[in-house]
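Here is the structure we will look at, set down as structure tokens.
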Amino acid sequence: MQPVLPPRSGAPLAITAHTATTALGAGLRAQREALRAGRSGLRRNDFGPEPRLDCWIGRVDGLEQVALPAAFGEWESRNHRLAWHALHQDGFLDAATAAVARHGATRVAVLMGTSTSSIGETEAAYAQQIDGRIPDALVRLLVHSPHALGDFVALATGARGPCMTVATACSSSAKVFALAARLLHAGLADAAIVGGVDTLCGSVLYGFNALQLVSPEPCRPFDARRDGLSLGEAGGFALLEHAGDARAWLCGYGESSDAHHMSAPHPQGLGARRAMADALARAGLEPDAIGYLNLHGTATPANDTVEAQAIAALFPETLHASSTKGWTGHTLGAAGIVESVIALLALEDGLLPGTLNSREPDPACGPQVRFQTVQQTIGYAMNNAFGFGGNNCSLVFGRA
């Protein structure tokens with residue numbers, strides 16, 4: 001059954017600033033250098049108290065030393081320290097505050113994606129109970145909220161337009177681009193600060209391990225021998241406007257919810273195919289226009305097979321598609337923004353990443369799934385982000 005495609009709606013939006021901080025380092029330069037060198041940010045799990053889960057993680061160095069300003073004391077959490085750290089890379093905070101001054105605070109939206117927000121602080125609060133009571137110092141309602149990240153970024157940037165936090169698991173910070181496009185095209189905002197932050201915590205590590213999805217080795221997306229994911233943490237942001245000094249363009253988005261299963265994708269990849277087809281239709285492009293596709297590619301057995309089949313059915317053999325989770329780990333609610341930034345770097349630099357750690361392609365993979373990094377100038381790039389419950393999002397970006 002062929003998906004029913006939407007009409008093309010809305011002009012492309014200018015991406016006037018973007019940044020990412022991952023296990024590869026802080027800011028775009030660190031991402032570029034690691035991608036070019038084939039250097040992974042994964043390490044053996046050294047997070048949290050002993051005994052630790054035997055796995056590999058993508059941990060951001062130095063977060064324990066990042067200090068929030070005194071005025072933000074009530075927001076103390078690992079997630080907000082990473083958000084603050086990421087906001088200060090590549091001049092992004094300056095660009096965001098300039099947009100607030102240019103458009104007016106109430107005309108700049110803040111749209112954040114996260115999976116667990118500051119749940120690490122909530123874990124600590126419960127663990128430190130005294131006679132069944134949480135210590136007063138840890139009773140900080142501003143932090144123990146799924147919407148904490150959106151509120152924090154709005155406060156940090158001074159934006160007072162629509163503020164929303166999206167939590168659709170691993171597609172969260174991809175879906176904020178689609179939400180921004182709708183808000184801007186509807187005239188409800190003139191600019192949008194989009195992004196996502198997720199940090200490592202016990203709930204993430206042991207929760208995914210309980211689902212038998214965590215590998216004891218560095219993840220190998222689309223490899224026939226893959227046996228699970230490597231979890232990571234990251235933060236990233238982008239600034240979207242109708243016009244301006246564009247670094248790149250958001251040309252289209254596609255969203256779907258196949259609701260096949262709480263954690264497994266639809267076995268025929270119907271939701272994934274619908275999201276990709278819708279994104280192409282909104283961008284007014286045929287599949288052969290896409291030069292690079294950053295795949296969701298978690299290295300779990302079911303997800304990679306289904307995505308590989310969907311890619312082979314939709315795209316020509318000329319496509320260069322890869323998963324970059326071997327570099328950063330699966331950063332959950334931040335995966336959408338991190339991998340969108342990698343797609344933007346592919347547009348800017350012509351460096352199309354391969355799939356790190358992988359050697360033997362799964363039989364489901366077509367020639368589109370590439371393991372080797374290449375240098376090639378492209379005009380359009382795409383990013384896939386697929387969340388639990390079949391909550392899917394695909395984005396199409398164009399070179400400025």
Side-chain angles (χ1 to χ4, degrees), residues 21-26 30 34 39-68 75-86 114-140 143-144 146 148-149 169-170 197-221 225-235 263 298-301 325-335 338 356-357 388:
T21 292
T22 71
L24 301 177
R39 174 179 56 81
S40 175
L42 299 181
R43 65 175 82 176
R44 280 207 174 273
N45 182 19
D46 59 358
F47 181 82
E50 298 278 6
R52 297 187 178 111
L53 194 63
D54 182 19
C55 63
W56 288 64
I57 60 171
R59 182 173 179 174
V60 175
D61 284 323
L63 285 187
E64 292 74 19
Q65 288 73 51
V66 173
L68 297 179
W75 296 90
E76 172 59 35
S77 75
R78 184 178 183 86
N79 217 55
H80 294 148
R81 276 184 269 129
L82 178 50
W84 185 253
H85 187 43
T114 188
S115 180
T116 58
S117 190
S118 293
I119 198 172
E121 297 302 305
T122 310
E123 292 173 5
Y126 277 99
Q128 296 177 43
Q129 289 181 95
I130 302 172
D131 296 328
R133 295 189 60 185
I134 293 173
D136 290 344
L138 297 178
V139 182
R140 290 176 283 123
V143 171
H144 305 298
L149 177 63
C170 313
V197 183
D198 247 344
T199 37
L200 293 165
C201 62
S203 296
V204 164
L205 287 166
Y206 288 97
F208 274 85
N209 189 60
L211 293 172
Q212 300 181 332
L213 296 176
V214 178
S215 174
E217 302 296 332
C219 68
R220 296 174 287 185
R225 304 158 299 158
R226 68 188 182 278
D227 58 357
L229 51 75
S230 300
L231 292 161
E233 60 186 358
S263 59
T298 59
T300 54
K325 287 181 171 65
W327 270 276
T328 65
H330 189 354
T331 59
L332 304 179
V338 165
L356 204 60
N357 305 327
F388 280 171

Heavy-atom distance under 4.5 Å between the side chains of Glu233 and Val204, does that happen here?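 When only atoms from C-beta onward are counted, Val204 and Glu233 do not touch, as no gap falls below 4.5 Å.
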
So, do Val60 and Thr21 sit near enough that their side-chain heavy atoms are less than 4.5 Å apart?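 With C-beta onward as the side chain, the pair touches.
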
Could you tell me which non-hydrogen atom of [X] sits nearest to which non-hydrogen atom of [Y], and how far apart they are?
X	Y	answer
Ala23	Gly41	CB-O, 3.5 Å
Leu149	Ala83	CD1-CB, 4.0 Å
Val197	Gly235	CG2-CA, 4.0 Å
Ser117	Thr199	O-OG1, 4.3 Å
Val143	Ala148	O-CB, 3.6 Å
Cys170	Ala335	O-CB, 4.1 Å

So, using side chain to side chain contact (heavy atoms under 4.5 Å, CB included) as the criterion, who are the partners of [X] when residues are at least two apart?
X	result
Pro135	Gln128, Leu138
Leu356	Ser40, Trp327
Pro216	Asp54, Asp227

Tell me, please, which residues at least two apart from [X] pass side chain to side chain donor-acceptor pair (under 3.5 Å).
X	answer
Thr298	Thr300
Thr22	Gln31
Asp198	Thr114, Thr116
Arg225	Asp223

Would Glu76 and Arg140 satisfy salt bridge (Lys or Arg N to Asp or Glu O under 4.0 Å), going step by step from the backbone distance to the final call? CA-CA 9 Å; Glu76 172 59 35; Arg140 290 176 283 123; over 6 Å; no

As an exercise, state the distance from [atom1] of [X] to [atom2] of [Y], rounded to the nearest 0.5 Å.
X	Y	atom1	atom2	answer
Asn357	Ser230	CG	OG	7.5 Å
Ile119	Tyr126	CD1	OH	10.0 Å
Asn79	Ser115	CG	OG	10.0 Å
Leu213	Leu229	CG	CG	5.5 Å
Thr328	Leu231	OG1	CG	11.0 Å

Considering residues at least two apart in sequence or located in another chain, which fulfil the salt bridge (charged side-chain N to carboxylate O under 4.0 Å, His left out) criterion with Arg226?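 So Arg226 forms a salt bridge (charged side-chain N to carboxylate O under 4.0 Å, His left out) with Asp304, Asp362.
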
Using the side chain to side chain donor-acceptor pair (under 3.5 Å) rule, collect all pairs that involve residues 55-66, keeping only residues at least two apart or in two chains.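 The answer is Arg43-Asp61, Asp46-Arg59, Arg59-Glu64, Glu64-Arg78.
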
I need the full list of side chain to side chain donor-acceptor pair (under 3.5 Å) pairs touching residues 200-213, with sequence neighbours left out, sorted by first then second residue.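 Only Glu123-Ser203 qualify under side chain to side chain donor-acceptor pair (under 3.5 Å).
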
Taking ring-ring contact (aromatic ring centres under 6.0 Å, His included) as the test, write out the residues that go with Phe208, two or more places apart.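 Result, ring-ring contact (aromatic ring centres under 6.0 Å, His included) vs Phe208: Phe388.
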
For His80, what residues pass the ring-ring contact (aromatic ring centres under 6.0 Å, His included) criterion, not counting sequence neighbours?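 Here the qualifying residues are Trp75, Phe152.
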
